[in-house]
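The chain is numbered in sequence order, starting from 1.
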Amino acid sequence: ASLSDRGLGGTVLETAAKRLAGDKMTYTLADFGIDPKGLDRILAEMTDQAATSKWLRRNLELTGFSKIDVFGKETLLNATYDSLRKAARSGADTNDWRRLVSEYKPAMGDDFDDFVEALRKGDSNNGDVKSAVFGRLLDQHPAALDEMPLGYIKHPQARIMYSLKSFTIKQIDLLRKRTIDQITEG
């Protein structure tokens, strides 16, 4: 989904180039208390210790999917941060600025100006900035128990059945939201 926000050059290629050049990423998953070595800590679907979950975790690591998943999530976090910084530095008459205001001002209220100032200064440790960046990850990936259905919470042995379903639902919801936004914008 960060591809749809920033394009191929603005996400994957840019992040890969930064990493190959040895540049430090603004954010890693560890900055949000997520252990990048343990996929079970990044995905809410894998919090149980059922044999199927252990099997799945092992196979995700063996196939390299875990590393690709971490790379994708960190790419999304950094692309979001870069996009927010660009919007904060843009003029009030730009689409980037209007989108920033419409997405974040209603939720932040009086703190919005401090949020924008933190983005302009490049303060990646600001609580509101980190919340906005992590919120974009949560929009696209189920990463908290409170986002999961009651059946998932009550039946740990059945959690594996929700794995792809919850991710797919998040993606469909994101697509729906963006489609409606594009229709309303004209």
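Considering only residues two or more places apart in sequence or on other chains, Asp114 meets the salt bridge (charged side-chain N to carboxylate O under 4.0 Å, His left out) condition with none of them.
Considering CG of Leu76 and CZ of Phe71, their distance stands at 11.5 Å, rounded to 0.5 Å. To the nearest 0.5 Å, atoms CD1 (Ile68) and OG1 (Thr75) are separated by 11.5 Å. Interatomic distance, NZ of Lys105 versus CG of Asp110, reported as 9.0 Å (0.5 Å rounding). Rounding to the nearest 0.5 angstrom, the gap separating the CZ atom in Arg99 from the OG1 atom in Thr94 is 11.5 Å.
In terms of heavy-atom proximity, Arg85 sits nearest to Arg120 at NH2-O, 3.3 Å.
Met108 is connected to Leu138 through a chain of hydrophobic side-chain contacts under 4.5 Å among Ile, Leu, Val, Met, Phe, Trp and Tyr, so both are in one cluster.
Sorted by first and then second residue, the ring-ring contact (aromatic ring centres under 6.0 Å, His included) pairs involving residues 81-132 (not counting sequence neighbours) are Tyr27-Tyr81, Tyr104-Phe115.
With contacts defined as side-chain heavy-atom distances shorter than 4.5 Å, the pair Asp123/Val129 does not qualify. Side-chain atoms of Asp113 and Glu117, non-hydrogen and from C-beta on, never get closer than 4.5 Å to each other.
A salt bridge links Lys73 and Asp69; the closest N-O separation between the charged side-chain nitrogens and carboxylate oxygens is under 4.0 Å.
Counting non-hydrogen atoms of neighbouring residues, nucleotides and ligands closer than 6.0 angstrom, the NZ atom of Lys130 exceeds 12 such neighbours.
Here the side chain of Ser83 pairs no donor or acceptor atom with the backbone of Thr80 at under 3.5 angstrom.
When each of Asp128, Leu100, Leu84 is checked for a side chain to side chain contact (heavy atoms under 4.5 Å, CB included) with Val116, only Leu100 meets the rule.
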